[in-house]
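Below is one structure, written out as structure tokens; comments come after it.
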There are 2 protein chains.
Amino acid sequence: MSINTYSYDEVKELSRLFKLLAEPNRLHILCNLGMECRPVSDIISATGLSQTNVSFHLRALREAGLVRPERRGSFVYYCLPDVKLLSLLEQTKEWIKLRRKT
Amino acid sequence: MSINTYSYDEVKELSRLFKLLAEPNRLHILCNLGMECRPVSDIISATGLSQTNVSFHLRALREAGLVRPERRGSFVYYCLPDVKLLSLLEQTKEWIKLRRKT
DNA sequence: TAACTGTATGTGTTAATGCTCATATGTGTG
DNA sequence: CACACATATGAGCATTAACACATACAGTTA
């Protein structure tokens, strides 16, 4: 037996999160949001993606609670509500980097 | 600007990993391998998946270097070559659990 | 209110991927 | 060698998900 066992539900929940992070454009949006709030228009120009596509990905992230929208006038700013996610991403990035050298 | 910036390549590499982890059955195989080496037949009976399907997922994991095959007689044992990955999964699992309470 | 900017959503198309069936390959044993 | 068991692979099918287009909605300003 392994030390950490994973129930079916836990695995399913994990995979749901990973599915969100698995799309390059979506992940790019998420990673480069950092801890700042940015209007959609900024994200569009930063990524070079179409408005529709950015909106599409933001919706997925929003419905999963990974980003939070905030209206300011006619703009909608998006923020990461949780720093911990970024730290997980950072650790994973480092892991990949180390692994390549082996 | 965010503290940690992610290049296009880094994001792409990250997303490639997440894509592998995004499939529930594949993730289930990976999580419950733990740090032990197990023959494919064990994985088949543990997951209840078809032989073909298990082989299919193991191939994906193997080609990404997330598991390592090892022949022992007529059996092929699969192992995780790296503990760190399990720890990342564990942390992610905990993060999800905490988040739900908020 | 009309006109403009910023953002969201519904629909359809296309590409990717998980799964199964049939079959091949590999390994031990009589 | 023949046979049985363990695992891998190729082809085809079915589902899903990313994207674009057109359009709707929300807020600001004239």
Side-chain angles (χ1 to χ4, degrees), chain A residues 8 11-33 36-81, chain B residues 8 11-33 36-81:
Chain A
Y8 184 69
V11 169
K12 232 173 104 186
E13 232 174 345
L14 265 173
S15 75
R16 211 179 312 142
L17 171 64
F18 288 137
K19 191 170 289 178
L20 279 167
L21 304 176
E23 215 294 313
N25 290 328
R26 194 157 49 216
L27 186 59
H28 189 251
I29 291 173
L30 195 69
C31 284
N32 290 299
L33 250 189
E36 286 192 59
C37 291
R38 295 184 180 207
V40 179
S41 49
D42 266 30
I43 301 175
I44 292 171
S45 52
T47 56
L49 300 175
S50 73
Q51 182 269 317
T52 306
N53 199 12
V54 168
S55 227
F56 169 75
H57 287 306
L58 282 175
R59 179 192 203 168
L61 295 170
R62 178 190 351 122
E63 288 179 343
L66 297 188
V67 296
R68 191 158 32 84
E70 194 178 308
R71 258 230 120 84
R72 300 189 194 167
S74 58
F75 291 77
V76 178
Y77 281 68
Y78 275 88
C79 326
L80 277 108
Chain B
Y8 184 70
V11 169
K12 234 174 101 182
E13 234 174 341
L14 265 174
S15 75
R16 212 179 311 142
L17 171 64
F18 288 139
K19 192 172 289 179
L20 279 166
L21 303 176
E23 214 296 310
N25 291 329
R26 193 157 51 216
L27 185 61
H28 188 250
I29 290 173
L30 194 70
C31 285
N32 291 300
L33 250 189
E36 286 192 59
C37 290
R38 296 186 179 203
V40 179
S41 49
D42 267 29
I43 300 174
I44 292 171
S45 52
T47 56
L49 300 175
S50 74
Q51 182 269 317
T52 306
N53 198 11
V54 169
S55 228
F56 169 75
H57 286 305
L58 282 176
R59 179 192 206 170
L61 294 170
R62 171 177 11 109
E63 289 180 343
L66 297 188
V67 297
R68 190 158 33 85
E70 193 179 310
R71 259 229 119 86
R72 299 187 194 169
S74 57
F75 291 77
V76 178
Y77 282 67
Y78 275 88
C79 325
L80 278 109

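Heavy-atom basis, side chains included; hydrogens, waters and symmetry copies ignored. In what follows, every chain begins at residue 1, and chains take the letters A, B, ... in the order their sequences are listed.
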Side-chain N or O of [X] less than 4.0 angstrom from OP1 or OP2 on [N]?
{"X": "B:Ser41", "N": "D:dT7", "answer": "yes"}
{"X": "A:His57", "N": "D:dC19", "answer": "yes"}
{"X": "A:Asn53", "N": "D:dC21", "answer": "no"}
{"X": "A:Arg71", "N": "D:dA26", "answer": "no"}
{"X": "A:Lys19", "N": "D:dT16", "answer": "no"}
{"X": "A:Arg72", "N": "D:dA26", "answer": "no"}

Take the protein atom [atom1] of [X] and the nucleotide atom [atom2] of [N], then report the distance between them rounded to whole Å.
{"X": "A:Phe56", "N": "D:dC19", "atom1": "CZ", "atom2": "P", "result": "7 Å"}
{"X": "B:Glu23", "N": "C:dA16", "atom1": "CD", "atom2": "P", "result": "18 Å"}
{"X": "A:Phe75", "N": "C:dC4", "atom1": "CZ", "atom2": "C1'", "result": "12 Å"}
{"X": "A:Arg59", "N": "D:dC19", "atom1": "CZ", "atom2": "P", "result": "15 Å"}
{"X": "B:Glu70", "N": "C:dT27", "atom1": "CD", "atom2": "P", "result": "14 Å"}
{"X": "B:Glu63", "N": "D:dT9", "atom1": "CD", "atom2": "C1'", "result": "11 Å"}
{"X": "A:Leu58", "N": "C:dT9", "atom1": "CG", "atom2": "P", "result": "11 Å"}
{"X": "A:Tyr78", "N": "C:dA8", "atom1": "OH", "atom2": "C1'", "result": "8 Å"}

Test applied, side-chain hydrogen bond (donor to acceptor under 3.5 Å, both in side chains); reference residue, A:Tyr78; option that passes from A:Arg38, A:Glu70, A:Arg62, A:Glu36: A:Arg62

Answer yes or no: side-chain N or O of B:Gln51 and base N or O of D:dA6 forming a donor-acceptor pair under 3.5 Å.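 Answer no: no donor N or O sits under 3.5 Å from an acceptor.
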
Look at all strands and tell whether A:Ser50 reaches a base, only sugar-phosphate, or nothing, counting heavy atoms closer than 4.0 Å.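 Sugar-phosphate, no base atom in range.
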
Between A:Asn25 and A:Gly73, which is nearer to the 5' end of DNA chain D once each is assigned its nearest nucleotide? A:Asn25

Please check this pair: side chain of A:Arg26 against backbone of A:Lys19, looking for a donor-acceptor N/O pair closer than 3.5 Å. yes

Side-chain donor/acceptor of B:Asn32 to backbone N/O of B:His28, under 3.5 Å: yes

Side-chain touch A:Leu49/A:Ile44, heavy atoms, less than 4.5 angstrom: no

Heavy-atom nearest nucleotide on DNA chain C for A:Thr52 versus A:Ser74: which residue maps closer to 5'?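 Its nearest nucleotide lies further toward 5', so the answer is A:Ser74.
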
Working to the nearest 0.5 Å, report the span between CZ of B:Phe75 and SG of B:Cys37. 14.5 Å

